[in-house]
Amino acid sequence: MKTAFVLSGGGAKGAFQVGALIWLCKVKNITPDIVIGISTGSLQGLAVAQQDIDLLHEIWLNIKKDSDIYTKSIVNYTKCLLGLRNGIYEFDGLRRILNKFFAKDKLLKSPIDFYAGKVSLQTGNIVYVNKQDMTADDVLASCTIPVFFTTVDKSNQQWVDGGVRDIIPLKKAIDLGADTIYVILCSPRHPNTMYKRYSNIIEVLMRVLDILLNEIYINDIETALTINDLIDTFGSYKDYKKIDIKVIEPEYEISDSLEFDPSKIRQGIYHGLEQASKIV
């Protein structure tokens, strides 16, 4: 029997996952065999694999503003418009955090298998990097939302957010033999009504991205649950086996994906604890 944690993407909304993981790992003492992260989920997944949940919590609580994670620059905007740059923002804050947080020795000694998903712009394929081959840049690449952030160059390829191909790496967990899967989402499966005006193109793009990702959430999870129902009804379904899937998700949106507001981070962490306690 194998247990997996599957951690979706969602940027700043990943604070919710921190709270859920505190409940699962620290309160309920659940140690997964496998953890798979996409985008911000790869940062939380790294903490699970390194068994550094307390340090992850501290990192999130120390975020005071957007510039602790990424920086904005008129020069960069201008270069993007002129075709001299492939990302609007610079991920320098997150890079500094990862360079301090990433601990290869802890990863290799850990009993937990860890995979972070990233996508190659050259091939269009998603690659799940395992902990043996992983570097801090692989985790950074997994978090790199295309257009918003510059691509991560490695092995003669340009790498971006794994969520471009697989926002919930549920199939990967099943392929690795997981029997029990805790899926921790950063947003509700069904998008909330947002009572705000989107005043610039960046805000519109982020909202559209959130709506598209919600659709993928629904399809991936509902497909897996439908297969379970077919197995319950008919005793078997093709070559599939029944998987115990526990979905931990927020009831409402707390922040935008690029909104690193300290009060909303704390609210997200608390809500993650709250929601996880209802499931486990």
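Just so you know, these numbers use all the heavy atoms, side chains as well, and skip hydrogens, waters and symmetry mates. Throughout, residue positions are numbered sequentially from 1 according to the sequence presented.
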Give a yes or no on whether the backbone of Glu90 and the side-chain of Asn76 come within a donor-acceptor separation of less than 3.5 Å.
no
Quick check: closest heavy atoms across Ser67 and Arg96, and the distance to 0.1 Å?
O-NH2, 4.5 Å
Answer whether the closest heavy-atom distance between the side chains of Tyr182 and Thr3 falls below 4.5 Å.
yes
Distance check, rounded to the nearest 0.5 Å: His57 atom NE2 versus Leu21 atom CG?
11.5 Å
Under 3.5 Å side-chain donor-acceptor pair for Asn125 and Ser120:
no
Quick one: do the Gln275 and Lys278 side chains pair a donor with an acceptor below 3.5 Å?
yes
Test of ring centre spacing under 6.0 Å for Tyr89 and Tyr70:
yes
Is it the case that the side chains of Asp261 and Ser263 hold a donor-acceptor pair, with the cut-off being a distance below 3.5 Å and no angle test?
yes
Tell me whether Ser155 contacts the main-chain N or O of Gln157 through its side chain, where contact means a donor paired with an acceptor under 3.5 Å.
no
Between Lys131 (side chain) and Ser110 (backbone), is there a donor-acceptor pair under 3.5 Å?
yes
Asp52 with Lys106: basic N within carboxylate O range, under 4.0 Å:
yes
Side-chain donor-acceptor pair under 3.5 Å between Asn86 and Thr150, yes or no?
no
With a 4.5 Å limit on heavy-atom distance, are the side chains of Val164 and Ile126 in contact?
no
Among side-chain atoms of Gln17 and Trp60, is any donor-acceptor pair under 3.5 angstrom?
no
Residue Phe101 excluded, over 12 heavy atoms near CZ under 6.0 Å:
yes
Where the side chain of Glu259 meets the backbone of Asp256, is there a donor-acceptor pair that is under 3.5 Å apart?
yes
Ion pair Asp175/Lys171, N-O distance below 4.0 Å
yes
Without swapping roles, check the side chain of Asp133 against the backbone of Val129 for a donor-acceptor pair under 3.5 Å.
no
Within the 3.5 Å criterion, strictly below it, is a donor on Gln44 or Thr40 matched to an acceptor on the partner's side chain?
yes
Side-chain heavy-atom pair Val280, Val27 within 4.5 angstrom cut-off
no
Within the 4.5 Å heavy-atom criterion, are Lys154 and Asp138 side-chain neighbours or not?
yes
With no hydrogens and no angle check, do the side chains of Gln158 and Gln122 hold a donor and an acceptor under 3.5 Å apart?
yes
Quick one: does any side-chain atom of Asp66 pair with a main-chain N or O of Phe260 as donor and acceptor, under 3.5 Å?
yes
Is there a side-chain contact between Asp179 and Asp244, using heavy atoms and a 4.5 Å cut-off?
no
Going only through I, L, V, M, F, W and Y residues with side-chain contacts under 4.5 Å, is there a path from Tyr270 to Ile279?
no
Taking the side chain from Ser142 and the backbone from Ser39, do they hold a donor-acceptor pair closer than 3.5 Å?
yes
